[in-house]
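Here the structure comes first, spelled out in structure tokens, and everything after it is commentary.
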There are 2 protein chains.
Amino acid sequence: MIAPSGRATVHDVARLSGVSIKTVSRVVNGAAEVTPATREKVLAAVAQLGYVRNPVAHSLRTGVSGTVGVIVDSISDSFFAALASGIEDRLLAAGFSVLIGSTGRDPVRERGQVDRMLQQKVAGLLLVPNASDHSYLPAAAGDLPVVLIDRSADVADFDQVGVRDRDGGHAATTHLLRHGHRRIAFLGGTTRLETVANRLVGYREALAEAGIEPDPRWIRTDCDEAPDARIAVPQLLALPDPPTAIFSSNQHASTGAVSVLHRTGRTDVALVSFGDFDLAATISPAVSVIHQNPRALAETAVDRLLQRISGAGGPAERIVLPVPLIERGSGELRPAG
Amino acid sequence: MIAPSGRATVHDVARLSGVSIKTVSRVVNGAAEVTPATREKVLAAVAQLGYVRNPVAHSLRTGVSGTVGVIVDSISDSFFAALASGIEDRLLAAGFSVLIGSTGRDPVRERGQVDRMLQQKVAGLLLVPNASDHSYLPAAAGDLPVVLIDRSADVADFDQVGVRDRDGGHAATTHLLRHGHRRIAFLGGTTRLETVANRLVGYREALAEAGIEPDPRWIRTDCDEAPDARIAVPQLLALPDPPTAIFSSNQHASTGAVSVLHRTGRTDVALVSFGDFDLAATISPAVSVIHQNPRALAETAVDRLLQRISGAGGPAERIVLPVPLIERGSGELRPAG
DNA sequence: CTGAAAGCGCTAACAG
DNA sequence: CTGTTAGCGCTTTCAG
């Protein structure tokens, strides 16, 4: 007969096993100095009562909990959803619970989420920071382990794991150049996000290496969402000397671009997307992508956070993951004529 | 000068405002019986110290927290991601934090997530139950508010909010029949999930009303994921008298079906998808869907949970949301010939 | 209307 | 190696 979890307390276990509550605590927490015999007795009582440590009391006493806070732009966005999912899997395996929050890219909401999680005494924080002032973070976090994901904040004190944005932008653009394109458009969101800015730098560098000075009208940094791209792409294609290829630097712009290209029968326009998306591999032509692997990002970030939580120190580190180019067809199209 | 949140305690506030900690507690919790004058003094001290109630201590003392547990099949699945996102938005607005967990449709993992959340003393639980035994739930949950989402469990004690699965299946099939189809395939996952089973019932009923006895081979209940559908659809189309239309009862099967239809040039096959998905509206032909609105589901479920948390009783209720049919093209294709 | 004291369940000193 | 005592920050009898 197992009692409902969480009902029995250390006192119950102590009484049943005939030891003091401290000894119970020691056994439960795996402290070394307990006689095997006593340990057995306690463990038997624990099993019999179905005793589970009350995490709330534990947290109040120790000041930390078995919960990690995760803060992303949006939970429904496929990239962040995959990221959050990877994080949850790995944290669960390590015995942690996940407190989740979204910012909607609103700095005020982000701040609120951070504060809320700090109050909950999370054991660590995984944060995708917005493009905004983060000077509050070091003081707010104190010595709480924090790992920044994807983007970095404007403070240097934290571990950060991201991807080679600039390399990805460079590789995508070079790939299109190699397939004969000279007029290549850039689609992306606000360059206030360093990731976007870096992808744009990679694009510019690749063009410069090919001796190409991009027409400013090719560069659209107003495409944060799919509908933006559905407006931008037709405008690009209506230019006097229209681009024959597009490097889309985020998945939303990519899906917008794909949909409008398909709808207008312009599937001859080459396309490389930074970030994979649903159906990218199966529409025709399939979309070539720079693969920003959210699960790898998740695992790397969690592992780093767990290191920190377990006290492994060292200075703040910046881990940068490579982003392979996956050829699927759309990026290998050659310009007409 | 505001102190870092969470630092000051009731004692600090009491000392500064010259009252007892109990009075501070009363003011902070909005209890009625405090003199306006004292209240002002306390509030001033609270503001000055940047006092924020320690939720952990509060939770230990009261037995509940300001956190709600949310358990879904998968965080990365677009439907559940949208659902979780809607839940988070609405709970945040109500001042609650969100503890999230996924089950991967594994009953053991589900049980573990539920237990973990109960231990954390969540204020309520939002659960998408798997097709499995839930007899443990009533005892485990005790009087904790629980709202089931999308699917119901095999126990009757809980509120549940879902959609009209059978109506949706019926409407989708009838829609295809009206456009001249007689041979309509059903694509779906395991009928152990009541939602799938009900959609299938709707499909069968609609066919029966049209005097059609479906060929058993038209009915594929082995399509839980996109790749399954990519295998099933070509097999369906290779039948002697192949279906001219498909009712796909989940988004994954739908994306799989779409991709294989496009790749094989069979975009003449009519398709209605239960559940919307990315790009459904913008590929060609655009995919007609039965719209299973995850945000509406989220809001309804959260509202019901908040009612329960605030003590509004009443017997367990089953709330069923309608699912409109959105015509986009693929569902209005007529059979060839 | 307000305060003193007890205790939620746990862990950390400090003795024994 | 083990037990006693105190206290994390909060709410809550029960007096005043």
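What's counted below: heavy atoms across the whole structure, side chains too, no hydrogens, waters or symmetry copies. The chains referred to below are lettered A, B, ... by the order of the sequence lines, with proteins before strands, and numbering in each begins at 1.
- Contacts of A:T190 classified as side-chain hydrogen bond (donor to acceptor under 3.5 Å, both in side chains), with partners at least two apart in sequence or in another chain: none.
- Following rounding to the nearest Å, A:K121 (NZ) and C:dC10 (C1') show an atom-to-atom distance of 16 Å.
- For the pair A:T9 and C:dC8, the criterion of a side-chain N or O lying under 4.0 Å from OP1 or OP2 is not met.
- Atom CD of B:Q120 is separated from atom P of C:dC8 by 21 Å (rounded to the nearest Å).
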In residues 139-149 of chain A, what donor-acceptor pairs under 3.5 Å come from side-chain atoms, sequence neighbours left out?
none

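- Residues passing the salt bridge (Lys or Arg N to Asp or Glu O under 4.0 Å) test with A:R15, sequence neighbours excluded: A:D12.
- B:N54 has its CG atom 8 Å from the C1' atom of D:dC8, to the nearest Å.
- Each end of the helix from C:dC1-D:dG16 to C:dG16-D:dC1 gets its own rotation axis from five pairs of C1' atoms, and the angle between them is 40° to the nearest 10 degrees.
- Regarding contacts with the backbone of D:dT4, every side-chain N or O of A:S20 stays at 4.0 angstrom or more from both OP1 and OP2.
- Listed pair B:T38 / C:dC1 fails the phosphate criterion, with no side-chain N or O lying under 4.0 Å from OP1 or OP2.
- By the salt bridge (Lys or Arg N to Asp or Glu O under 4.0 Å) test, A:D73 pairs with A:R105, A:R151, sequence neighbours left out.
- For A:D157, the side-chain hydrogen bond (donor to acceptor under 3.5 Å, both in side chains) criterion is met by no residue, not counting sequence neighbours.
- Using a 4.0 Å heavy-atom cutoff across all strands shown, A:S59 reaches no nucleic acid atom at all.
- Following rounding to the nearest Å, B:H11 (NE2) and D:dG7 (P) show an atom-to-atom distance of 11 Å.
- In this structure, B:Q119 atom CD and C:dG9 atom P are separated by 14 Å, rounded to whole Å.
- Among A:V98, A:L305, A:L99, the one residue that satisfies the side-chain contact (heavy atoms from CB on, under 4.5 Å) test with A:V68 is A:L305.
- In this structure, the CZ atom of A:R39 is 12 Å from the C1' atom of D:dC1, given to the nearest Å.
- Judged by closest nucleotide on DNA chain C, B:V19 is the one of B:V19 and B:A57 placed further toward the 5' end.
- A:E88 and B:Q113 share a donor-acceptor pair across their side chains, judged by distance under 3.5 Å alone.
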Can you name the atoms? Protein N/O to nucleotides 11-14 of chain D N/O, anything below 3.5 Å, with the distance.
unit_1: D:dT11; atom_1: OP1; unit_2: B:N29; atom_2: OD1; d: 3.3
unit_1: D:dT11; atom_1: OP1; unit_2: B:N29; atom_2: ND2; d: 3.1
unit_1: D:dT11; atom_1: OP1; unit_2: B:R53; atom_2: NH1; d: 3.3
unit_1: D:dT11; atom_1: OP2; unit_2: B:S25; atom_2: OG; d: 2.9
unit_1: D:dT11; atom_1: OP2; unit_2: B:N29; atom_2: ND2; d: 3.4
unit_1: D:dT11; atom_1: O2; unit_2: B:R61; atom_2: NH1; d: 2.6

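- Listed by chain and number, the residues in a salt bridge (Lys or Arg N to Asp or Glu O under 4.0 Å) with A:R295 are A:D89 (sequence neighbours excluded).
- Residues that satisfy the salt bridge (Lys or Arg N to Asp or Glu O under 4.0 Å) test with A:E40, not counting sequence neighbours, are absent from this structure.
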